[in-house]
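Sequence positions, counted from 1, serve as the residue numbers for this chain. Since the model is a prediction, treat every value here as computed from it, not as a measurement.
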Amino acid sequence: MHTDPGLQPERTVMAWGRTLLALLTVSAIFLRWLPTHGPLVLALVAAAAVTAGGIFATQRIRYRRSSRGINAETLHADAGGVLALSAGVVLLGAVSLVAALTF
């Protein structure tokens, strides 16, 4: 679909995939807090799962856009995806901090 010898779209998709895997791992680790911190942990698990699901749902779109952008030489950064991921991570951090400090 593209002639990029460095396979930039594949590297980008793999990086997003590693981020998705990290979020799923973190959500599983949060489940260990459930007996200690109660139902607030379910909000953490849900936030991590929703963020990971968002990455999963947009992977194919992101790859196509990147491949087409390379071919047309009009590739732009995915600022929306990065901002959404940043918001999800900030939310996870804030709720984790609240959970750690209140119990």
Side-chain angles (χ1 to χ4, degrees):
M1 187 171 207
H2 60 84
T3 58
D4 180 24
L7 301 176
Q8 187 270 331
E10 285 81 2
R11 289 193 318 267
T12 302
V13 167
M14 287 173 41
W16 280 100
R18 287 188 299 272
T19 303
L20 180 139
L21 183 60
L23 283 166
L24 291 178
T25 303
V26 165
S27 68
I29 291 170
F30 283 147
L31 288 175
R32 293 186 63 189
W33 286 8
L34 192 58
T36 308
H37 298 290
L40 182 60
V41 172
L42 296 177
L44 287 168
V45 172
V50 166
T51 305
I55 292 172
F56 181 75
T58 59
Q59 280 288 69
R60 187 170 295 237
I61 295 166
R62 190 176 296 112
Y63 179 81
R64 283 187 190 141
R65 185 182 316 135
S66 182
S67 293
R68 288 181 183 143
I70 287 172
N71 281 336
E73 296 183 8
T74 60
L75 186 62
H76 299 289
D78 184 17
V82 173
L83 287 174
L85 178 62
S86 298
V89 170
V90 167
L91 175 67
L92 282 171
V95 176
S96 297
L97 188 60
V98 168
L101 294 176
T102 58
F103 296 101

May I have the list of side-chain donor-acceptor pairs in residues 17-32 shorter than 3.5 Å, sequence neighbours left out?
residue	atom	partner	partner atom	Å
Thr19	OG1	Ala15	O	3.0
Thr25	OG1	Leu21	O	2.8
Ser27	OG	Leu24	O	2.7

Throw together a table of side-chain donor-acceptor distances under 3.5 angstrom for residues 86-98, partners on residues two or more places apart or in other chains.
residue	atom	partner	partner atom	Å
Ser86	OG	Val82	O	2.8
Ser96	OG	Leu92	O	2.7

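- Under the 4.5 Å side-chain heavy-atom criterion for grouping Ile, Leu, Val, Met, Phe, Trp and Tyr, Phe56 is connected to Leu85 within one hydrophobic cluster.
- Note: Thr74 OG1 to Arg68 CZ = 11.0 Å, rounded to the nearest 0.5 Å.
- Side-chain heavy atoms closer than 4.5 Å link hydrophobic residues (I, L, V, M, F, W, Y) into clusters, and following such links, even through other members, never connects Val50 to Leu44.
- In this structure, CG on Leu42 lies 12.5 Å from NE2 on His37, to the nearest 0.5 angstrom.
- For the side-chain hydrogen bond (donor to acceptor under 3.5 Å, both in side chains) test, residues two or more places apart in sequence or in another chain that qualify with Arg62 are Thr58, Gln59, Asp78.
- When hydrophobic clusters are built by joining Ile, Leu, Val, Met, Phe, Trp and Tyr residues whose side-chain heavy atoms come closer than 4.5 Å, directly or via intermediates, Trp16 is not grouped with Met14.
- In this structure, Trp33 and Leu40 have side chains that are not in contact, with every pair of non-hydrogen atoms separated by 4.5 Å or more.
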